[in-house]
Amino acid sequence: MKTPVRVAVTGAAGQIGYALLFRIASGEMLGKDQPVILQMLELPMEKAQAALKGVMMELEDCAFPLLAGMVGTDDPKVAFKDADYALLVGAMPRGPGMERKDLLLKNAEIFTVQGKALNDVASRNVKVLVVGNPANTNAYIAMKSAPSLPAKNFTAMLRLDHNRALSQLASKAGVAVADIEKMVVWGNHSPTMYPDYRFATVNGASLKDKINDADWNANTFIPVVGKRGAAIIEARGLSSAASAANAAIDHMRDWALGTNGKWVTMGVPSDGSYGIPEGVMYGVPVTCANGEYTRIEGLPVDDFSRAAMDKTLAELEEERAGVAHLLG
Ligand SMILES: NC(=O)C1=CN([C@@H]2O[C@H](COP(=O)(O)OP(=O)(O)OC[C@H]3O[C@@H](n4cnc5c(N)ncnc54)[C@H](O)[C@@H]3O)[C@@H](O)[C@H]2O)C=CC1
Ligand SMILES: O=C([O-])CC(=O)C(=O)O
């Protein structure tokens, strides 16, 4: 049996937490031979702590063989202590009358505190995934608040967008999702993201050639993927939770266990390639092996793509400017 690893999850009593924790404890994220200790963070409010207690009771009742321990807390330094993996799901949701800017500032406070706590107490190899919105900028804030951890350890979740794009493409082209390779989503997890299937293949043949419909790409595919989150809220009255949890599992599993050469999308601090300034937390194609991600470099960028990639970059730069004064 392997030594247990510590997995911190924030917002553990929320919707995504409820769809996520049981799958982590059953081995779907890190493998069926990897015991885990769950370290769950919730707000100090009585209601949140009571709900967390209930979730922990249910985890107990599953008698998961891989669940080697549990901690429930309202203290980030307890939740992140020696954490090998940290899934930052908890965030302030947008309330009535709240502007995007207000949301950004409220969350900046949360992710500054959590970034500092990770910096102080987490494993030096901790792999951090930020799910809570605005995910890219929250990940950027956490990274900047944790100067003694490597910047590459901080990532933002674009995987739900990646998976949404795969399903839309599979349905349009009449192919199996599993047969599509080399799909990319560039930029911010927001409606400005740019899902890009120029390089995608199905059983080795070009998917773009097979679909051959530039109008569908620009006027259906890109907006449908970009606005899918809003469409789910409209339909369910609540934002995506099971699919978001599923994407978080995919992201962490691939990062930890590798992709066997398959491209996946991760929001990672830019290395300056593709004209994206260094440090910006931007969705790019990567492969993963041996617990590390490697960018796919050198892809051609045509005029349409340049404009789309710059648009989502401009939004990220605006978000970054909006929180710069908090980061010292
Ligand atoms: N990146 C992505 O693709 C996606 C991101 N999201 C985002 O994920 C976040 C969570 O979504 P849900 O679980 O549906 O929300 P939720 O409101 O059901 O749960 C969030 C939980 O986080 C807790 N929380 C809030 N601030 C916290 C803090 N500072 N420390 C610890 N816990 C805290 C709350 O008490 C609540 O239980 C939201 O920001 C949502 O917009 C949702 C879907 C996809
Ligand atoms: O749109 C939202 O608020 C939730 C989200 O991030 C998504 O479903 O992509």
Side-chain angles (χ1 to χ4, degrees), residues 8-21 39-56 71-80 86-95 98 100 103-104 106-118 128-142 145 155-165 167 185 187-193 195 224-252 265-267 281 283:
V9 177
T10 74
Q15 297 198 80
I16 295 176
Y18 199 67
L20 178 64
L21 291 162
Q39 306 190 158
M40 295 165 276
L41 182 69
E42 256 300 341
L43 290 174
M45 284 70 152
E46 204 176 312
K47 204 169 159 206
Q49 287 298 317
L52 175 57
K53 197 172 232 171
V55 171
M56 292 172 73
V71 177
T73 181
D74 61 8
D75 180 350
K77 288 205 173 169
V78 173
F80 297 143
L87 293 92
L88 309 191
V89 178
M92 157 82 75
R94 194 194 325 220
M98 245 174 121
R100 196 178 163 82
L103 183 74
L104 200 63
K106 277 281 168 215
N107 280 300
E109 286 167 30
I110 295 174
F111 286 85
T112 308
V113 170
Q114 295 189 357
K116 284 191 175 130
L118 284 162
V128 182
L129 167 63
V130 177
V131 175
N133 280 320
N136 296 53
T137 295
N138 289 341
Y140 176 80
I141 293 164
S145 306
T155 66
M157 192 163 94
L158 271 291
R159 186 58 175 265
L160 181 53
D161 313 301
H162 181 99
N163 289 347
R164 285 167 172 166
S167 283
V185 184
N188 199 7
H189 172 69
S190 90
T192 65
M193 77 184 77
V224 163
V225 176
K227 294 180 190 155
R228 187 68 165 186
I232 302 285
I233 293 173
E234 179 73 26
R236 242 168 60 83
L238 288 167
S239 63
S240 0
S243 55
N246 181 67
I249 299 255
D250 283 353
H251 178 116
M252 281 305 212
T265 302
M266 288 170 73
M281 199 59 77

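For ligands, and for the atoms within them, numbers begin at 1 and follow the listed sequence. Each residue takes its place number in the sequence, starting with 1. Below, each value reflects all heavy atoms present in this structure, side chains not excepted, and no hydrogens, waters or symmetry copies. Predicted model only: the values in this text are computed from it and were never measured.
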Enquirer: Check each atom of ligand 1 against the heavy atoms of Ile110 and keep those under 4.0 Å away; list them by number with element.
Expert: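 The list of qualifying atoms is 29 (N).
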Enquirer: Could you list which atoms of ligand 1 come closer than 4.0 Å to a heavy atom of Gly11?
Expert: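 Here the atoms of ligand 1 in question are 21 (C), 22 (O), 23 (C), 31 (C), 32 (N).
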Enquirer: List the closest protein heavy-atom neighbour of atom 5 (C) of ligand 2: residue, atom name, distance to the nearest 0.1 Å.
Expert: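 Minimum-distance protein heavy atom for atom 5 (C) of ligand 2 reads His189 NE2, 3.6 Å.
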Enquirer: Can you tell me the protein heavy atom closest to atom 3 (O) of ligand 2 and the distance?
Expert: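 Of every protein heavy atom, Ile233 CD1, 3.6 Å lies nearest to atom 3 (O) of ligand 2.
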Enquirer: Could you tell me which atoms of ligand 1, counted from 1 in the order shown, lie closer than 4.0 angstrom to a heavy atom of Ala13?
Expert: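 Near Ala13, the atoms of ligand 1 are 37 (O).
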Enquirer: Pull out every atom of ligand 1 sitting under 4.0 Å from any heavy atom of Val89, numbered as shown with elements.
Expert: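 Matching atoms, with element in brackets: 8 (O), 9 (C), 10 (C).
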Enquirer: Using a 4.0 Å heavy-atom cut-off, which part of Arg228 comes near ligand 2: side chain, backbone, both, or neither?
Expert: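 It is neither part, as no heavy atom is under 4.0 Å.
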Enquirer: Counting only nitrogen or oxygen atoms and a 3.5 angstrom limit, does Asp161 reach ligand 1?
Expert: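 Not met; the criterion fails.
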Enquirer: Heavy-atom contacts with His189 under 4.0 Å: which atoms of ligand 1 show up? List them by number with element.
Expert: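 With His189 as reference, the close atoms of ligand 1 come out as 1 (N), 2 (C), 3 (O), 4 (C).
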Enquirer: For ligand 2, indicate whether the residue Met157 contacts it via side chain, backbone, both or neither (heavy-atom separation under 4.0 Å).
Expert: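 Under 4.0 Å from ligand 2, Met157 contributes no heavy atoms.
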Enquirer: Would you say Glu42 touches ligand 1, if touching means a heavy atom closer than 4.0 Å?
Expert: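 Right, Glu42 reaches ligand 1.
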Enquirer: Tell me whether Asn133 has any N or O atom under 3.5 angstrom from an N or O of ligand 2.
Expert: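 Yes - when backbone and side-chain N and O of Asn133 are compared with those of ligand 2, one distance drops under 3.5 Å.
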Enquirer: Is the contact between Ile232 and ligand 2 made by the side chain, the backbone, both, or neither, using heavy atoms and a 4.0 Å cut-off?
Expert: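 It is neither; nothing of Ile232 touches ligand 2.
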Enquirer: Under a 4.0 angstrom heavy-atom cut-off, which atoms of ligand 2 come close to Gly229?
Expert: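 What qualifies from ligand 2 is 1 (O), 7 (C), 8 (O), 9 (O).
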Enquirer: At less than 4.0 angstrom from any non-hydrogen atom of Ser240, what atoms of ligand 1 do you find?
Expert: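 Every atom of ligand 1 under 4.0 Å from some heavy atom of Ser240: 43 (C).
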Enquirer: Give a yes/no verdict on whether any heavy atom in Asp161 is under 4.0 Å from an atom of ligand 2.
Expert: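 False for this residue.
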Enquirer: With atoms numbered from 1 as shown, which atoms in ligand 2 lie under 4.0 angstrom from a non-hydrogen atom of Arg164?
Expert: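 Answer, ordered by atom number: 7 (C), 8 (O), 9 (O).
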Enquirer: Is there a polar contact between ligand 1 and Ile16, counting only N or O atoms under 3.5 Å apart?
Expert: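 Yes: some nitrogen or oxygen of Ile16 is under 3.5 Å from one in ligand 1.
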Enquirer: I'd like the name of whichever of Asn133, Val55, Leu129 reaches closest to atom 6 (N) of ligand 1 through any heavy atom.
Expert: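 Of the listed residues, Asn133 has the closest heavy atom.
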Enquirer: I want to confirm something. Looking only at heavy atoms, which of Ala241, Pro134, Ser240, Ala247 is nearest to atom 8 (O) of ligand 2?
Expert: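 Ranked by closest heavy atom to atom 8 (O) of ligand 2, first place is Ser240.
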Enquirer: Is it true that a side-chain atom of Thr265 and a backbone atom of Val185 form a donor plus acceptor pair closer than 3.5 Å?
Expert: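 Answer holds: yes.
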Enquirer: Under a 4.0 Å heavy-atom limit, does Ala244 contact ligand 1 with its side chain, its backbone, both, or neither?
Expert: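 Only the side chain of Ala244 comes within reach of ligand 1.
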Enquirer: List every atom of ligand 1 that sits less than 4.0 Å from any heavy atom of Gln114, numbering the atoms from 1 in the order shown and giving each element.
Expert: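 With Gln114 as reference, the close atoms of ligand 1 come out as 28 (C), 29 (N), 30 (N).
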Enquirer: Relative to the heavy atoms of Gly90, which atoms of ligand 1 are at a distance of less than 4.0 Å?
Expert: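 Answer for ligand 1: 22 (O), 24 (N), 33 (C).
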